[in-house]
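Read the structure below first, then the notes.
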Amino acid sequence: MPPRSNPTARQQRLGAELRKLREASGLSTEQAAAVLATNRTVITSTEAGRHGISPERVRRLACNYDCADSALVESLARMAAERTKGWWEEYRGILPPTFLDIAELEWFAGGLRMSTMTHVPGPFQTEAYARALFAAAIPALPADEFDARVMHRLQRRRVLDRPDAPGYVAIVHEAALRIEVGGRTALREQLQHVLEMADRENVTVQAVPFSAGAFPGSGQSILYAEGEVPSLDVVQLDRTTSAEFLHQEAQLRKFALQLDQMQRVALSPERTRDLIRSITRQL
């Protein structure tokens, strides 16, 4: 397979997992290369996500790495077999790669938990709300990229429209429900849309009220995406200029606990709906 110049976060994750398995087995890159009758450069490139690998080779490496976790091996083999390009690929070369990586992460997740402090979660945003957010960028975005960001944001909702849509838990701080992004009319429309999303069977919305005070994770937005097996879970954090993807066991455990705590201090889904309706009436 030809090398990739810009591997996606998911392709890099596949490579990282293969590296973990190799290192756990104690094999060197040269020894792994011998298993596939190739050279160590191919192994290092594969582990960096820059070189594709077939499902059969994933299984062969895993066997020689003495990996007995068949569920993990088959999940990695399916990742290696992916050839169909998702809807987000139409934005490649137009938007920063992290926009595409987030959409890809959401699309392949078995379940999603999202916490936001100042904005409504991306897949819930209306066009007017998204336009107001991107209009606040400094420096101002070029017109074509501005429109592309808005449309990409709206299309992220597609993951929740699928017949096999994953479960989605949105933990939204009361501040995000009250900040008048785009003005009162835009916020009123946005809150009504959140209520409509909350009525879906696969969506749970819980608001953290101002009265909750301080709680773990209150200073950032967190997206926790469940993999096919727990060891393939991913946490995505927003940064000023990019997105960060974390998958070390300690990091996953930390953020899962933070989200658990947020849900404990948040209002129930029913009381959350009451709060949203109350805020809407005040606009």
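Only heavy atoms go into these numbers, but all of them, side chains included; no hydrogens, no water, no symmetry mates.
Looking at Q125 and R157, their side chains never bring a donor and an acceptor atom within 3.5 Å of each other. Side-chain contact annotation: S278 with Q282, donor-acceptor N/O pair under 3.5 Å present. Side chains of Q263 and Q206: a donor on one and an acceptor on the other come within 3.5 Å. Under the 3.5 Å distance criterion, with hydrogens and angles disregarded, a donor-acceptor pair is assigned to the side chains of Y224 and D233.
In this structure, R78 and L76 have side chains that are not in contact, with every pair of non-hydrogen atoms separated by 4.5 Å or more. Side-chain contact between L195 and R273: present, with at least one pair of heavy atoms (C-beta onward) separated by less than 4.5 Å. L252 has its side chain out of reach of L246: every pair of non-hydrogen atoms, C-beta onward, lies at least 4.5 Å apart. For the pair K85/E90, no side-chain contact is recorded, criterion being any heavy-atom separation below 4.5 Å from C-beta on. The shortest side-chain heavy-atom distance between V172 and V208 does not fall under the 4.5 Å cut-off. Side chains of T126 and R131 form no contact here, defined as non-hydrogen atoms less than 4.5 Å apart. Using a 4.5 Å heavy-atom cutoff, the side chains of M197 and V205 are not in contact. Looking at heavy atoms from C-beta onward, E174 lies in side-chain contact with L275 at the 4.5 angstrom threshold.
Crowding of K254 atom NZ: a count of heavy atoms from other residues, nucleotides or ligands under 6.0 Å not exceeding 12. Atom CG of N6 sits in a sparse spot, with 12 or fewer heavy atoms from other residues, nucleotides or ligands closer than 6.0 Å. Within 6.0 Å of CZ on R271 lie no more than 12 heavy atoms contributed by other residues, nucleotides or ligands. Heavy-atom neighbours of E201 CD from other residues, nucleotides or ligands within 6.0 Å: at or below the threshold of 12.
Proximity of a side-chain donor or acceptor of E89 to a complementary backbone N or O of G86 within less than 3.5 Å is not detected. In this structure, the side chain of Q192 does not engage the main chain of E189 through any donor-acceptor pair within 3.5 Å. A donor-acceptor contact shorter than 3.5 Å links the side chain of T272 to the backbone of A207. A donor-acceptor pair is defined here as one N or O able to donate and one able to accept, closer than 3.5 Å; no such pair exists between the side chain of S218 and the backbone of A214.
V159 and V169 sit in two unconnected hydrophobic clusters of ILVMFWY residues. Membership requires side-chain heavy atoms under 4.5 Å apart, directly or through other members. The hydrophobic cluster containing I222 does not contain I102, counting ILVMFWY residues as joined when their side-chain heavy atoms lie under 4.5 angstrom apart, directly or transitively. With hydrophobic clusters built from ILVMFWY side chains whose heavy atoms lie under 4.5 angstrom apart, L27 does not share a cluster with V42. Note: the hydrophobic cluster containing M114 also contains F99 (ILVMFWY, side chain heavy atoms under 4.5 Å, direct or indirect links). Y129 and L177 fall within the same hydrophobic cluster, where Ile, Leu, Val, Met, Phe, Trp and Tyr residues are linked whenever their side-chain heavy atoms come under 4.5 Å apart, directly or through other members.
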Intermediate values then yes/no, side-chain contact (heavy atoms from CB on, under 4.5 Å), E106 and R156: CA-CA 8 Å; E106 291 173 334; R156 281 175 58 191; 2.6 Å; yes

side-chain contact (heavy atoms from CB on, under 4.5 Å) for Q258 and Q261? Distances and angles first, verdict last. CA-CA 5 Å; Q258 285 190 3; Q261 180 62 18; 5.8 Å; no

Given the rule in the side-chain contact (heavy atoms from CB on, under 4.5 Å) test, do S25 and N64 qualify, once you have shown the distances and angles that lead to the verdict? CA-CA 8 Å; S25 74; N64 283 273; over 6 Å; no

Could you go through D238 and Q220, starting from their C-alpha distance and side-chain angles, then the distance that decides it, and tell me whether this counts as side-chain contact (heavy atoms from CB on, under 4.5 Å)? CA-CA 8 Å; D238 285 336; Q220 60 190 159; over 6 Å; no

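A distance of 9.5 Å separates CZ in F255 from OG in S115, rounded to the nearest 0.5 Å. One distance of note links CG of L14 with CD of E82; it measures 8.5 Å at 0.5 Å rounding. Rounded to the nearest 0.5 Å, atoms CG (L61) and OG1 (T46) are 8.0 Å apart. For the atom pair CD (E180) and CG (L283), the distance works out to 6.0 Å, reported to the nearest 0.5 Å. To the nearest 0.5 Å, atoms CZ (R40) and OG1 (T29) are separated by 4.0 Å. Considering CD of E47 and CG of L21, their distance stands at 9.5 Å, rounded to 0.5 Å.
Smallest separation of non-hydrogen atoms from F245 and V234: CD2-CG1, 4.1 Å. Between L237 and S221, the closest heavy-atom pair is CD2-O, 3.7 Å. The two residues T98 and A243 have their closest heavy-atom pair at CG2-N, 3.7 Å. Nearest heavy atoms, A16 versus H247: CB-CE1, 4.0 Å. Of all non-hydrogen atoms in A80 and S54, the two that sit nearest each other are CB-C, 4.2 Å. For the residue pair A266 and P209, the shortest heavy atom distance occurs at CA-CD, 4.4 Å.
In this structure, R153 is not positioned above the aromatic face of F134 in the sense of NZ or CZ being under 6.0 Å from the six-membered ring centre and within 45° of the axis. Cation-pi check for R162 over W107 is met; the charged atom lies under 6.0 angstrom from the ring centroid and within 45 degrees of its normal.
Under a 4.0 Å N-O distance rule, the pair E226/R113 does not qualify as a salt bridge. Looking at D101 and R13, no side-chain N of the basic residue comes within less than 4.0 Å of a carboxylate O on the acidic one, giving no salt bridge. For the pair E104 and R10, the salt-bridge criterion is not met [side-chain N within less than 4.0 Å of a carboxylate O]. Note on R277 versus D274: salt bridge recorded, some NZ/NE/NH1/NH2 to OD/OE distance being below 4.0 Å.
Taking the six-membered ring where the residue is Trp, the centroids of F210 and H173 are separated by under 6.0 Å.
Just one residue in the list R149, H152, E145, Q155 forms a side chain to side chain donor-acceptor pair (under 3.5 Å) with Y91, and that residue is Q155.
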